[in-house]
Amino acid sequence: MRRLGSVQQKIPCVFLTEVRNEPSRKRDCQQFQVVATENVNPSALQSDIHCAVATEKIDGTCCYATTYKGEPYLWARLDRKPTKQADKRFKKYQYSQKTCKGFVWNVDKDFCEAPESWIAAHRVQHENGHPVPDEHGHILGWVPVDHTNKQYCWHFCVVNYDAGVALVLKTHGEDEGLLEMVSVPLADLMEQTLELIGTNVNGNPYGLGSKKHPVHVLVPHGVLRIRKPPPVEFQQLYSWFQECQEGRMEGIVWHCDDGTLVKIHRHNLGLKWPVGDTFLNTRPVVVHVDETPDPDASEKDLFKSFSSINGRLFRCIRDIQFEP
């Protein structure tokens, strides 16, 4: 099985989109929304979308595994964004023109500074040696995750740099219907992108953990394949999201043979997200985390907690509970 896509740029919609003058269902305080038309994106057709691998789009925050100071490391997504004045100018242009295309940035002045350790994502375009924003006005990039930055404390809890491992949720190797919570060497995740999900990420649509015992985990992109995906046709996708149990997910990401990624989000179709019972929580999960606990680790250390329930099978990830 080939390793599927690394997310190093904004993924385009599988359909051509248009801007409508109505409040966004996805972003508060945004007085317009981007919706899908019924026309398939020509770039998706060019990449043979109908033969692509369809996977579940997971609602979390994007991460990247690569080296830092010569060691395997987890990196958090950090886009360089416009200053308030530049963003206001960009939004005004976008609202009046019904498109982002054609807006001219002054990269030296229009963007907030990034930490010294920040790196641009691989597919960010460069001009004169400097990264330039995508059509949405972001310069995608990454910063290394460590204990010094409380902003990334939930990222940090899913890695153990001393042991060189990360907590990962994936499909079981011998049973596609079974999920597996595992401890994976960081070295095995190199150059992959992953989604961090859990108690304190994006409102926790999957219901993991609790305030008293937060649970977070990494999900490699492309690992949750859709077994019977709907055809890439507007009405059939709309019906699938509305009527099928498997359609109770945030969206679909298609992985084309040429490396192109395209997606559809429920919001692009005018559908609600999150939904109460997600498809992810219809699948049983087995825990295979057998790390030797650090004797000095706190009771809330996730590796220690998962090691205490190693071998246990749960009805779904939402049901995972640790021994008192």
Side-chain angles (χ1 to χ4, degrees), residues 5 7 10-38 40-41 44 52-63 77 79 136 138 154 169 179 193-209 214-255 261-283 285 316-319:
V7 180
K10 288 280 187 181
I11 303 176
C13 183
V14 71
F15 298 110
L16 295 177
T17 57
E18 64 183 19
V19 178
R20 291 186 183 168
N21 295 335
E22 51 191 62
S24 172
R25 292 184 177 90
K26 187 176 180 182
R27 295 182 175 88
D28 294 338
C29 303
Q30 182 173 295
Q31 296 306 308
F32 61 90
Q33 64 174 327
V34 179
V35 297
T37 67
E38 297 195 13
V40 179
N41 195 323
V53 176
T55 68
E56 179 173 354
K57 184 182 187 302
I58 294 294
D59 187 2
T61 184
C62 194
C63 304
R77 169 85 172 270
D79 296 351
H136 304 288
H138 290 189
W154 307 120
L169 179 71
L179 298 176
T193 54
L194 315 96
E195 203 78 4
L196 176 72
I197 62 172
T199 310
N200 296 290
V201 178
N202 280 11
N204 193 19
Y206 307 107
L208 273 71
V215 172
H216 299 85
V217 66
L218 295 165
V219 185
H221 287 145
V223 76
L224 300 178
R225 299 195 181 198
I226 298 172
R227 283 171 282 185
K228 294 181 179 179
V232 182
E233 191 277 327
F234 187 96
Q235 290 300 332
Q236 293 198 59
L237 276 166
Y238 185 92
S239 297
W240 183 80
F241 279 115
Q242 281 277 71
E243 300 166 8
C244 295
Q245 184 185 56
E246 196 174 11
R248 297 179 72 80
M249 56 181 64
E250 187 194 26
I252 299 175
V253 177
W254 287 270
H255 299 251
L261 302 180
V262 288
K263 71 179 179 183
I264 188 71
H265 191 291
R266 292 176 70 96
H267 289 308
N268 296 136
L269 301 172
L271 298 175
K272 178 186 175 182
W273 177 261
V275 293
D277 278 327
T278 62
F279 176 67
L280 193 64
N281 271 312
T282 65
R283 303 168 71 175
V285 56
C316 64
I317 57 173
R318 187 175 53 203
D319 285 357

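Here the structure is a predicted model, which means the values were calculated and not measured.
Residues Cys244 and Lys228 form no side-chain contact, since every pair of their non-hydrogen atoms from C-beta on lies 4.5 Å or further apart. Contact annotation: the side chain of Ile58 never approaches that of Glu250 to less than 4.5 Å [non-hydrogen atoms, C-beta and beyond]. Put simply, the side chain of Asp319 does not reach to within 4.5 Å of the side chain of Asn281, judged on heavy atoms. Looking at Val219 and Ile197, their side chains come closer than 4.5 Å, going by heavy atoms from C-beta outward.
Legend: residues meeting side-chain contact (heavy atoms from CB on, under 4.5 Å) with Glu38, ordered by chain and number and at least two apart, are Phe234, Gln235. Under the salt bridge (Lys or Arg N to Asp or Glu O under 4.0 Å) criterion, Arg77 pairs with Asp79, not counting sequence neighbours. Taking the salt bridge (Lys or Arg N to Asp or Glu O under 4.0 Å) definition, one finds that Glu18 meets it with Arg20, sequence neighbours left out. By the side-chain contact (heavy atoms from CB on, under 4.5 Å) test, Asn202 pairs with Asp59, sequence neighbours left out. By the side-chain contact (heavy atoms from CB on, under 4.5 Å) test, Pro274 pairs with Pro205, sequence neighbours left out. Every residue meeting the side-chain contact (heavy atoms from CB on, under 4.5 Å) condition with Pro230, not counting sequence neighbours, appears here in chain and number order: Leu237, Trp240, Ile252.
Judged purely by atom type and a 3.5 angstrom limit, Thr193 uses its side chain to pair as donor or acceptor with the backbone of Val7. In terms of modelled atom types and a separation under 3.5 Å, the side chain of Arg248 and the main chain of Asp277 share a donor-acceptor contact. The backbone N or O of Ala36 lies less than 3.5 Å from no partner atom in the side chain of Thr17, so there is not a single donor-acceptor pair. A distance-only check finds a donor-acceptor pair linking the side chain of Thr199 to the backbone of Leu208 [under 3.5 Å]. Of the possible donor and acceptor atoms, one in the side chain of Thr282 sits under 3.5 Å from a partner among the backbone N and O of Phe279. Checking side-chain atoms of Glu246 against main-chain N and O of Arg227 turns up a donor-acceptor pair under 3.5 Å.
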Original post:
Would Asn200 and His216 satisfy side-chain contact (heavy atoms from CB on, under 4.5 Å), going step by step from the backbone distance to the final call?
Top reply: CA-CA 8 Å; Asn200 296 290; His216 299 85; 3.4 Å; yes

Original post:
Does the pair His265 and His267 meet the rule for a ring pair (Phe, Tyr, Trp, His ring centres under 6.0 Å), with working shown?
Top reply: CA-CA 5 Å; His265 191 291; His267 289 308; 4.6 Å; yes

Subject >> Pair Leu271-Gln242, side-chain contact (heavy atoms from CB on, under 4.5 Å): steps then yes or no >> reply: CA-CA 8 Å; Leu271 298 175; Gln242 281 277 71; 3.5 Å; yes

**OP:** Tell me, with the steps shown, if Asn41 and Phe15 meet side-chain contact (heavy atoms from CB on, under 4.5 Å).
**Re:** CA-CA 5 Å; Asn41 195 323; Phe15 298 110; 5.9 Å; no

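For Cys13 against Ile264, the heavy-atom pair with the smallest separation is SG-CD1, 3.7 Å. Of all heavy-atom pairs spanning Thr55 and Gly222, the tightest one is CG2-O, 3.6 Å. Shortest non-hydrogen contact noted between Met249 and Trp273 is C-CZ3, 3.4 Å. Taking all atoms of both residues into account, the shortest heavy-atom contact from Val275 to Arg266 is CG1-NH2, 3.8 Å. The minimum heavy-atom distance between Gly247 and Phe241, with the atom names listed, is O-CD2, 3.2 Å. Of all heavy-atom pairs spanning Val201 and Thr61, the tightest one is CG1-N, 3.9 Å.
Taken to the nearest 0.5 Å, the CG atom of Leu218 stands 9.5 Å off from the CD atom of Glu195.
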